[in-house]
Amino acid sequence: MPSEFALIRRHFTRPASHTDLAVGDDAALIRARPGMQLAISTDMLVASTHFFVDTDPEDLGWKTLAVNVSDLAAMGAEPRWVVLAASLPSADESWIAPFAKGFFACCAAFGIDAIGGDTTRGPLNLCPTIFGEVPLGKAITRDGGRPGDELWISGAPGRAALGLAHLKSDIQLAADWRADCLAALQRPQPRVALGLALRGLATAMLDVSDGLLGDLAHILERSGVGAEVDEAALPLAPLIAACGDPTQAFQACTAGGDDYELLFSAPALRRDDVLALSARLDLPLHRIGHLTDAPGQLKLRRADGRLDNLTVSGYDHFGHDT
């Protein structure tokens with residue numbers, strides 16, 4: 001069985017492109033470019049909580065990094081470096097090799113240097129810490145939303161939730177949508193290009209990891225505003241096509257997690273700029289509502305015009321059984 005250091009040399013050591021000192025010493029050495037702030041985030045993935053233990057290891061390698069990349073995208077930051085701490089049940093190279101392949105495929109896709117980390121024996125637990133750069137004062141936070149700003153969501157949130165429901169045999173997805181929904185769950189695509197392009201345009205932003213409405217509540221809290229979401233504007237059509245059930249589609253779109261789409265606010269006067277950005281990136285951006293001057297109040301305008309008060313919260317790891 002290979003040693004810890006042999007595993008690192010064989011599977012987790014790659015040439016670095018913008019790092020002074022990467023893997024192999026007690027610490028890495030990095031330098032932010034002039035005029036840049038460092039943006040740093042970490043997201044842990046735990047077996048049986050965040051993924052099934054039999055998940056394809058190459059897919060898991062991609063997702064382990066992608067969910068962290070998404071956090072930087074949500075700040076308008078460019079990902080640059082990552083360290084990975086991993087607890088592994090054994091030094092099983094038939095699992096580690098494809099995991100590393102997926103992890104470094106995500107590194108290559110987003111120009112990230114892997115610069116270190118740690119491994120130990122234990123329950124399967126993967127914890128990257130990602131570092132990025134954003135021009136000083138240009139980070140997009142959750143606290144800049146203002147009454148009257150329009151709310152936008154990228155892509156088609158809810159596909160990952162439908163993919164998960166399919167894997168759990170709770171629903172049966174249409175054959176021509178199955179691969180798409182499973183890919184949304186297993187190979188999420190962080191919206192880095194969108195995040196960078198929204199600097200100076202979005203007033204508040206986050207990525208949807210715990211459900212659209214639950215995550216929207218974080219913007220409302222930090223910005224001190226309310227929101228009205230228009231049910232008819234939600235991108236439900238692809239979800240209905242996938243599962244055949246409008247109720248299930250609505251639940252997946254508004255409460256499903258693991259999509260890593262970007263939810264943001266922008267001034268109504270900048271609507272044409274957002275639409276132009278959508279066309280330039282070839283990425284659907286849906287205007288789903290607006291912010292209001294009623295702090296903390298979230299309302300849903302139904303298709304029949306009725307306005308419902310909502311009480312929602314995102315996924316809470318200490319409030320749910322795992």
Side-chain angles (χ1 to χ4, degrees), residues 41 43-46 49-51 63 66-68 70-71 73-74 142 145 151-168 170-171 173 181-186 188-191 194-195 204-223 225-240 242-243 245-265 284-291 296-302 308-322:
S41 181
D43 252 332
M44 186 184 302
L45 277 72
V46 178
T49 297
H50 300 99
F51 59 90
K63 185 171 183 175
V67 301
N68 285 265
S70 182
D71 282 333
R142 300 178 179 185
L151 282 171
W152 298 80
I153 184 72
S154 66
R159 293 177 302 139
L162 292 183
L164 177 60
H166 177 84
L167 290 180
K168 294 170 67 176
D170 292 338
I171 62 171
L173 290 173
C181 290
L182 291 176
L185 174 68
Q186 296 165 340
Q189 301 298 313
R191 304 300 190 186
L194 175 60
M205 184 161 66
L206 48 64
D207 66 333
V208 177
S209 57
D210 296 325
L212 190 159
L213 295 182
D215 282 330
L216 172 57
H218 297 310
I219 289 179
L220 305 190
E221 178 183 5
R222 291 295 301 274
S223 293
V225 295
E228 183 179 312
V229 174
D230 185 356
E231 181 181 21
L234 294 170
L236 299 178
L239 307 181
I240 295 172
C243 71
D245 181 348
T247 300
Q248 180 83 34
F250 177 82
Q251 182 70 12
C253 180
T254 58
D258 257 5
D259 288 296
Y260 305 99
E261 297 290 353
L262 295 185
L263 174 66
F264 63 94
S265 58
L285 299 176
H286 308 278
R287 181 168 52 91
I288 61 168
H290 63 274
L291 300 180
Q297 292 188 19
L298 178 55
K299 296 178 180 291
L300 179 69
R301 185 166 295 281
R302 298 289 185 176
D308 291 342
N309 292 311
L310 297 181
T311 301
V312 297
S313 61
Y315 183 82
D316 179 356
H317 289 283
F318 297 98
H320 295 72
D321 292 332
T322 57

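It should be emphasised that the depicted structure is a prediction, and the values quoted were computed from it without experimental measurement.
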Straight-line distance of [X] [atom1] to [Y] [atom2], nearest 0.5 Å:
{"X": "Cys253", "Y": "Glu261", "atom1": "SG", "atom2": "CD", "value": "10.0 Å"}
{"X": "Leu212", "Y": "Leu151", "atom1": "CG", "atom2": "CG", "value": "9.0 Å"}
{"X": "Asn309", "Y": "Gln297", "atom1": "CG", "atom2": "CD", "value": "6.5 Å"}
{"X": "Leu285", "Y": "Ser154", "atom1": "CG", "atom2": "OG", "value": "6.5 Å"}
{"X": "Asp258", "Y": "Leu185", "atom1": "CG", "atom2": "CG", "value": "5.5 Å"}
{"X": "Leu162", "Y": "Leu164", "atom1": "CG", "atom2": "CG", "value": "9.5 Å"}

Where is the tightest heavy-atom contact between [X] and [Y], given as atom of each residue plus distance?
{"X": "Leu182", "Y": "Gly163", "value": "CD2-O, 3.6 Å"}
{"X": "Glu228", "Y": "Arg301", "value": "OE2-NE, 2.8 Å"}
{"X": "Asp259", "Y": "Ala160", "value": "OD1-N, 3.4 Å"}
{"X": "Pro188", "Y": "Gln186", "value": "CD-C, 3.4 Å"}

Treating [X] as the side-chain partner and [Y] as the backbone partner, does any N or O pair qualify as donor plus acceptor under 3.5 Å?
{"X": "His50", "Y": "Val46", "answer": "yes"}
{"X": "Asp71", "Y": "Asp43", "answer": "no"}
{"X": "Ser265", "Y": "Gly145", "answer": "no"}

Worksheet item: Can you list the residues that meet the side-chain hydrogen bond (donor to acceptor under 3.5 Å, both in side chains) rule with Ser223, with sequence neighbours excluded?
Response: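 Scan of Ser223 (side-chain hydrogen bond (donor to acceptor under 3.5 Å, both in side chains), adjacent residues dropped) gives none.
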Discussion item. When you measure from the centre of the six-membered ring of Phe250, is the NZ or CZ of Arg302 closer than 6.0 Å and no more than 45° off the axis?
Written reply: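 Pair Arg302/Phe250 counts as cation-pi.
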Item to complete: Indicate whether the side chain of Ser70 and that of Asp207 have a donor and an acceptor atom separated by less than 3.5 Å.
Response: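 The criterion, which ignores hydrogens and geometry beyond distance, is satisfied for Asp207 and Ser70.
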Would you say the side chain of [Y] lies within less than 4.5 Å of the side chain of [X], judging by non-hydrogen atoms?
{"X": "Leu262", "Y": "Val208", "value": "no"}
{"X": "Leu206", "Y": "His218", "value": "yes"}
{"X": "Gln248", "Y": "Ile171", "value": "yes"}

Worksheet entry | His286: side-chain contact (heavy atoms from CB on, under 4.5 Å) partners, not counting sequence neighbours |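 By the side-chain contact (heavy atoms from CB on, under 4.5 Å) rule, His286 matches Ile153, Pro235, Pro284, Ile288.
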Worksheet item: Excluding sequence neighbours, so at least two apart, what forms side-chain contact (heavy atoms from CB on, under 4.5 Å) with Ile240?
Response: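 Partners of Ile240 by the side-chain contact (heavy atoms from CB on, under 4.5 Å) criterion, ordered by chain and then number, come out as Leu236, Pro246, Ala249.
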Discussion item. The test is side-chain contact (heavy atoms from CB on, under 4.5 Å); show your working for Ser209 and Val67 and say whether it passes.
Written reply: CA-CA 8 Å; Ser209 57; Val67 301; over 6 Å; no
